[in-house]
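Take a look at the structure set out below.
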2 protein chains.
Amino acid sequence: MSRDQISTKTRILDATWKLLESGDKNIRMSDIAKAAGISRQALYLHFPNRADLLIATARHLDSVKNIDGRLERSRAAQSGMARLEAFIEVWTGYIPEIHGMSVALRAMRASDAEAASAWNDRMGAVRHGCAAAVQALAKDGDLNADLSEKTATDLLWTLLSVENWEHFTQDCGWPQSRYENTMKTLAKAALVS
Amino acid sequence: MSRDQISTKTRILDATWKLLESGDKNIRMSDIAKAAGISRQALYLHFPNRADLLIATARHLDSVKNIDGRLERSRAAQSGMARLEAFIEVWTGYIPEIHGMSVALRAMRASDAEAASAWNDRMGAVRHGCAAAVQALAKDGDLNADLSEKTATDLLWTLLSVENWEHFTQDCGWPQSRYENTMKTLAKAALVS
DNA sequence: CCATCACTTGACACTGTGTAAAGTTGACAC
DNA sequence: GTGTCAACTTTACACAGTGTCAAGTGATGG
């Protein structure tokens, strides 16, 4: 609160987020500056470059959206099956909220190593959730005997990728609810014995 | 053969392909020109812009690799199941050969409408193959009764996406053979009654 | 009243794409 | 041989977008 109600840094992050969410591609630093109500050069007083700004926005998003808190719910489940379902519900519900961000970050992966590692870091967290759900299934003896825990985690992780969400909801035109239900069905078909 | 053994246009396409295949990101027009042994400006005598060059390279690749001919094999299968398997074998075997190209084309989708439609066109062809396999399954009465042909096609198409291939072979480190076998198993688990 | 912080303004270097124009070279026609 | 044409080269430049730099402004606070 040094200057305004909310700090300029936060205003920048919110503006960036909003622009990404709007689905506009090719967002320039000048667009972000305009949206945040400051000069383009002032952005560089807060973030060294575009990549760092986008990465900071991703982290900001995660903290505002409280993904960790939401996943808490799935950790509370009694059975492995319930945990798998709860995890799928939480994660698939989260995807549309971060989709604009994810498009931008993935687009930057090709040219920016730091963007790539920011994305890998976030997806690593998802994988961790998948692994925990698989482990809970295995503990209950519900995991398909043909699958190692590693393999089962790979399958679930891939199934629940943002790219697959895009494919179903964008390219195939499925509504979110159908996507979510299908993911549950497929996950069970693939993982549960 | 106007000038050299092979035409300059072909040399450009081959050079572009080779560079894309090498996995280098951020391939510039000047890189392509150098690889083709001509000046950067000469590229523009053959292709109006970068997008058109990449798209032409994609088509060139498809024609050299003869994807249509390869898919012929799956059309010859006797049963629906055999057709599904043959289609998966052909397509999954094709993915690694076009992967460099596909990365470049997908990266361009965000900023270039023509690149997006070139990619959609190619993926539309894959979807067509999926639909035919699903139809063959349905004809044999082997299609899961819970699924419409459209839904089954959506599932198979998504399962066999290039993005999922990347996920399994790159991010999960699976060898190609394992990827292929898993796709067959998963496809059957998801589609066959 | 002075200093400092947060910002603005204006200028500029750099990269990569695409355009433009004039020059070179070799093949082919007559 | 001369002329012509196509395919290419060389040089130059416009343009967008990123990132840097330096000088200036204006409010806040000791």
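Scope of the values below: all heavy atoms of this structure, side chains included, with no hydrogens, waters or symmetry mates. Naming: A, B, ... by sequence-line order, numbering from 1 per chain.
A salt bridge links B/R106 to B/E166: one of the charged nitrogens lies within less than 4.0 Å of a carboxylate oxygen.
The listed nucleotides are C/dA6, D/dG19, D/dT9; the one nearest the side chain of B/S39 is D/dT9. Closest to the A/R40 side chain, of the nucleotides D/dC8, C/dG18, D/dT18, is D/dT18. Nearest nucleotide to the side chain of A/R28, out of C/dT17, C/dC7, D/dG17: D/dG17. Closest to the side chain of B/Q41, out of C/dT17, D/dG17, D/dT11, is D/dT11. Of the candidate nucleotides D/dG19, C/dG18, D/dA7, C/dG18 has the atom lying nearest to any side-chain atom of B/N49.
Aromatic rings from A/W174 and A/Y179 are positioned such that their centres are separated by 6.0 Å or more.
Side-chain contact, A/S7 with A/T10: a donor N or O sits under 3.5 Å from an acceptor N or O. A side-chain donor from one of B/T151 and A/R178 sits under 3.5 Å from a side-chain acceptor of the other. Counting only N and O atoms by type, the side chains of B/N66 and B/Y94 include no donor and acceptor under 3.5 Å apart.
With rounding to whole Å, B/I27 atom CD1 is found 17 Å from C/dT15 atom C1'. Distance, A/R50 CZ to C/dC14 P: 22 Å, rounded to whole Å. One atom, CD1 of A/I38, and another, C1' of C/dT9, lie 14 Å apart when rounded to the nearest Å. The CE-C1' distance, from B/M29 to C/dT15, rounds to 15 Å in whole Å. Taking atom CG of A/L43 as the reference point, atom P of C/dT9 lies 13 Å away to the nearest angstrom. Atom-to-atom, CG of A/L53 to P of D/dG17 comes out at 16 Å; the value is rounded to the nearest Å. One atom, CG of A/D52, and another, P of D/dT20, lie 11 Å apart when rounded to the nearest Å. Rounded to whole Å, atom P of C/dT8 lies 14 Å from atom NZ of A/K34.
Closest-nucleotide positions on DNA chain D for B/K9 and A/Y44 were compared, and the one nearer the 5' end corresponds to B/K9.
At the heavy-atom level, A/L45 lies under 4.0 Å from base atoms of the strands shown.
The partner of C/dC30 is D/dG1, judged by Watson-Crick or G-U wobble contacts that both fall below 3.5 Å.
The side chain of A/H46 places no N or O atom within less than 4.0 Å of a non-bridging phosphate oxygen (OP1 or OP2) of C/dA6.
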